[in-house]
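Note on naming: letters A, B, ... go to the chains in the order of the sequence lines (proteins, then strands), and numbering restarts at 1 for each one. Only this structure's heavy atoms are used, side chains among them; waters, hydrogens and symmetry mates stay out.
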Amino acid sequence: MNYLELSPNTTHEPCKHIKIIEQPRQRGFRFRYGCEGPTHGGVQGASSEKNKKTFPAVEICNYTGPARVVVQCVTVDDPPLLHVHSLVGKQCENGMCVVGVSGPDMTVSFPNLGILHVPRRSVVDILEERLVQGWRREHCKELQHRDPTDRERDRLHRAAQQCARALDLTVVRLMFTVYLPDNNGNFVQALQPAVSSPIYDSKAPNASSLKIVRMDRTSGSAAGGEEVFLLCDKVQKDDIQVRFYQENDDGTCWEAFGKFGPTDVHRQYAIVFKTPRYFDPYITQPTSVFVHLRRRSDGETSEAKPFIYFPQKTGKERSHRKRKNPDTAEHDRSRVSNGHLQGYYCSIPDFTYTPAVTGD
DNA sequence: CGGGAATGTAT
DNA sequence: CATACATTCCC
C-alpha cells in the first residue's frame, strides 16, 4: 500500500479554511415569526450553560488579516440549499449575518443570530421569487427577453411548489462562508463554506424538549401494574413512551415501558400509565431506578426522575389483607412504610378490621 | 429576553 | 364536535 497517497498535501502550505469552533445548540431554541418582533435573542452555543453562555463561533485557520464572514440559514439536505427562513438580529441584513474581522484574532462569535420563521403560506412565493431571480441571472446576457414568458413562469412556479413540499420548516443549519479580499480589497474570494449541525425549532411539535413536570407517585410495587398520573410538557400521543431503566455497574441496562394507549395521553400534557414489572419481582429491598419520557421518532429523552420499586406484598400479607376491608387497605399500607408506625402490623398479627379503631 | 396563552386553521 | 398544528399576541 502506498502511504503517500493516503496523506497528500503534507508538504504544502496549510490550507486556509473556516472551522466551526462552537456549534449552535440543537434544541431548545424557538424560531420566531415576523409578527413576533426581532427582539427575542439568538441561538446559543452547544456548550452554553446558564451562567456561562456561549454562542456559535468560527475560526479562520491558516490566515491572518482582513476577512468577512457571512452566515446564512441552509437546509439539512446533502448539498445544503438556502433555506426560506432567515437570520435576524444585530449585523443581520437581507436574512444573513455579515461580520468583518481584521486580525490578529481570527475567531468570530455570533451572539445574536435569531431565526425568522417564514409562514407556510409564503414559502412558495419566496421560492418562486428566487427561481425567477436565478432565471434572470442566467439570461441577463440575452437581450431579447428580460422576463420569463408565461410558460417559463409557470414552470418555475411548479418547481417552487415542488421545493416547498420538500422543505422542512422546523429545522435549519447555519452556513458560514468566509470571504478574503482580492488585490483590490474587495471581499470576493470565498473559501469553502462550513455548515453547522442542525438547529431544531423548539416550537415544532415533533422536536419540543421533553419534560416530566410531576408524577402522582414516584414509587411502586416490583410487580408493576400500578397506575401513575404523569404531567408533562407537550408530547405527541403516538410518539411518546415512558421508559423505566436501571444502569448496572457492568454496563448492562434494564429497561421497561409504562403501559398506556394513545387515549391515555390527555391533551398532550398528561399521561396515565401502568408501571411495568421490575425484572426481578422478588426483590427484598427497595430498589432505585429511573423514569424518563422518550420520543420514539428521534430517540430524544427527558431528564430522568427517580422511581423506587418496593418488594411485592408477600403471599402471607396478601391473604391476610384479603380478609380486610379493601377501602382501608391503602391507608394501612402507608402506615407500614411510615417510620414510627413501622411495627403496626407486626405487633398485632391477628388484627381484624374494626371501624372504631382504624377510622380516621 | 424567554415564556405561556390565545387565536386561527386543518383534519 | 374534538384534537392538534400553525400563527399571533402579550406578559
**OP:** Using a strict cut-off of less than 4.0 Å between a Lys/Arg side-chain nitrogen and an Asp/Glu carboxylate oxygen, indicate whether A:Arg27 and A:Asp298 qualify as a salt bridge.
**Re:** yes

Subject >> Non-hydrogen atoms of A:His117 and A:Leu169 that approach each other most closely >> reply: NE2-O, 3.9 Å

**OP:** Please report the shortest heavy-atom distance between A:Val291 and A:Met215, naming the atom on each side.
**Re:** CG2-CE, 4.4 Å

**OP:** Check whether any side-chain nitrogen or oxygen of A:Gln44 sits under 4.0 Å from OP1 or OP2 of B:dC1, and answer yes or no.
**Re:** no

Original post:
Between A:Asp239 and A:Ser297, is any side-chain donor less than 3.5 angstrom from a side-chain acceptor?
Top reply: yes

Subject >> Neighbour count >12 (heavy atoms, 6.0 Å) for atom CZ, A:Arg214 >> reply: no

Subject >> Nearest-angstrom distance from the residue atom OH of A:Tyr269 to P of C:dT3 >> reply: 14 Å

**OP:** Starting at the 5' end of nucleotides 4-11 of chain C, put B wherever the base has a protein heavy atom under 4.0 Å, S where only the sugar-phosphate does, and a dash everywhere else.
**Re:** SSSBBB--

Original post:
Checking all strands, does A:Asn112 fall into the base, sugar-phosphate, or nothing category for heavy-atom contacts under 4.0 angstrom?
Top reply: sugar-phosphate

